[in-house]
There are 2 protein chains.
Amino acid sequence: MSLTDKAIAQIRDLIQSGDLPPGSKLPPEQELAAQLGLSRSLAREAVKALSVARILEVRRGDGTYVTSLQPGLLLESFSGAVELLQAHPGALLELLEVRRLLEPVAAALAAVRISDDQLAELHGHLDAMRDSRDDVELLNRHDAAFHHTIVAATGNTTLTAVLDAISGRTLQARIWRGMHDSQSAVRTLTEHEAILGALSQRDAPLSQAAALLHVSNTEKWLREHLRTEQPAAG
Amino acid sequence: MSLTDKAIAQIRDLIQSGDLPPGSKLPPEQELAAQLGLSRSLAREAVKALSVARILEVRRGDGTYVTSLQPGLLLESFSGAVELLQAHPGALLELLEVRRLLEPVAAALAAVRISDDQLAELHGHLDAMRDSRDDVELLNRHDAAFHHTIVAATGNTTLTAVLDAISGRTLQARIWRGMHDSQSAVRTLTEHEAILGALSQRDAPLSQAAALLHVSNTEKWLREHLRTEQPAAG
DNA sequence: CGCCGGTATACATCACATGTATCCGGCTCC
DNA sequence: GGAGCCGGATACATGTGATGTATACCGGCG
């Protein structure tokens, strides 16, 4: 174990123990290095590693601070890991399976917690998707926003961050590009309408079923598509 | 955006594009720094950040390599993030809610995929828990192994890594310590028996229900316990 | 087959130069 | 006389270069 790794562990422990609460300022590089008992370069490496993980935030010319440590922030690194996971063959289908398990139950929970404002927001995204059948990029964005809003309606920021990450912007973009030509896009729209209808009635089981149907169809589409365009699945 | 951040992004892109496949060796520090167009110190910071995220692996005196990029490896950093999340008030209950949503459906999936060997392994852990009612540490370990084996029976390594992370070693240890005195430990055992019984029959809905009951009870216990020992919840 | 040294590599430190944000005093304008 | 603006001083992170140390791999020698 290198000195830098020890330094990282020390700083992490200070945060976890409460000695460095969220938002607090770390000593200057020189002092920090002295306290950790190593050179400035190594202290810099430790700080860099922690700031990439969104645990520390460096403000040039000012100082280094502990971030808010909120789930959405810390799980950004998780999102980055998922992006790289897609390079690993098979991980893509695993990822989609996790989503197939999690998103329906999240929708069910959202059904009993969603507010009228959030329902209106979902309506807005759905309308926008109908209007923008020609613009794949815009379509993709509203689709992602639609699903994000549903999960966010659970009020669970950790759950939201996890699902956002495994939904994967890159992956979704690929799917939408592939589906654009076919009639799948139309079916997807009706699936969204079914989900929104169930949520509007605050019907948890129905919401869960509609979400499961949607994700399963997406998964099925991708599974078939991966077989045909094998070479592009890098 | 600092030069180091750019360097990190560049290396990540090289990996994601397939130019640096898993297991491949990076050029020596000097060459790497030259290729990225910066000093060796900054290249070292970039490599350090990526190796902390388990994307690169440094072998001293040998060289720097891309890891296998397997889900279990990359999601170790996710696990680390979860540990720090527990410092954030409220995140603990959010985390448990995610587990309450995910673990039952994972159990249902495991019910249709679990092998006889894995069922035998579960029996082993359950027996071990019965025998070690006095040793909290051992009890905790077999409990964790029990849940891990169930999720692993789904064959989905990504799902396994995610659930392992949110189950949280630290958190579970706290719960077991708190429950040891009370009669809750006995009830927990019977809940485990119910889950294993359902899995043995390959009954997916029953397994899901049993798992939900177990996690919900754990969540309920923690929720009540957090209220009583407010000061210690740091 | 085993030891032994050379070479390549990462590890760690130090000194120095640069860019940038914050703070504070003095000045100007109202 | 007071409020607002400007500029220098200061503190800090950013980035570079040189240097020595520790470790792993490999080939030659006994």
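This is a predicted model, so every value here is computed, not measured. Chain letters run A, B, ... following the sequence lines, proteins first, then strands; residues in each count from 1.
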Quick one about A/D143 and A/H192 (side-chain donor to acceptor, distance below 3.5 Å, no hydrogens or angles considered), yes or no?
yes
Under the ring-ring contact (aromatic ring centres under 6.0 Å, His included) rule, collect the residues that match up with B/H125, sequence neighbours excluded.
B/H142
Heavy atoms under 4.0 Å is the rule here; annotate nucleotides 7-17 of chain D 5' to 3' with B where the base is hit, S where only the sugar-phosphate is, and - elsewhere.
-----BSBBBB
Taking the side chain as C-beta and beyond, is there a heavy-atom pair between B/Q70 and B/T157 under 4.5 Å?
no
Could I get the full list of salt bridge (Lys or Arg N to Asp or Glu O under 4.0 Å) partners for A/D131, not counting sequence neighbours?
none
Could you tell me how far apart B/L50 (CG) and C/dA10 (P) are, to the nearest whole angstrom?
14 Å
Hey, is the main chain of B/T154 close enough, under 3.5 Å, to the side chain of B/R113 for a donor-acceptor pair?
yes
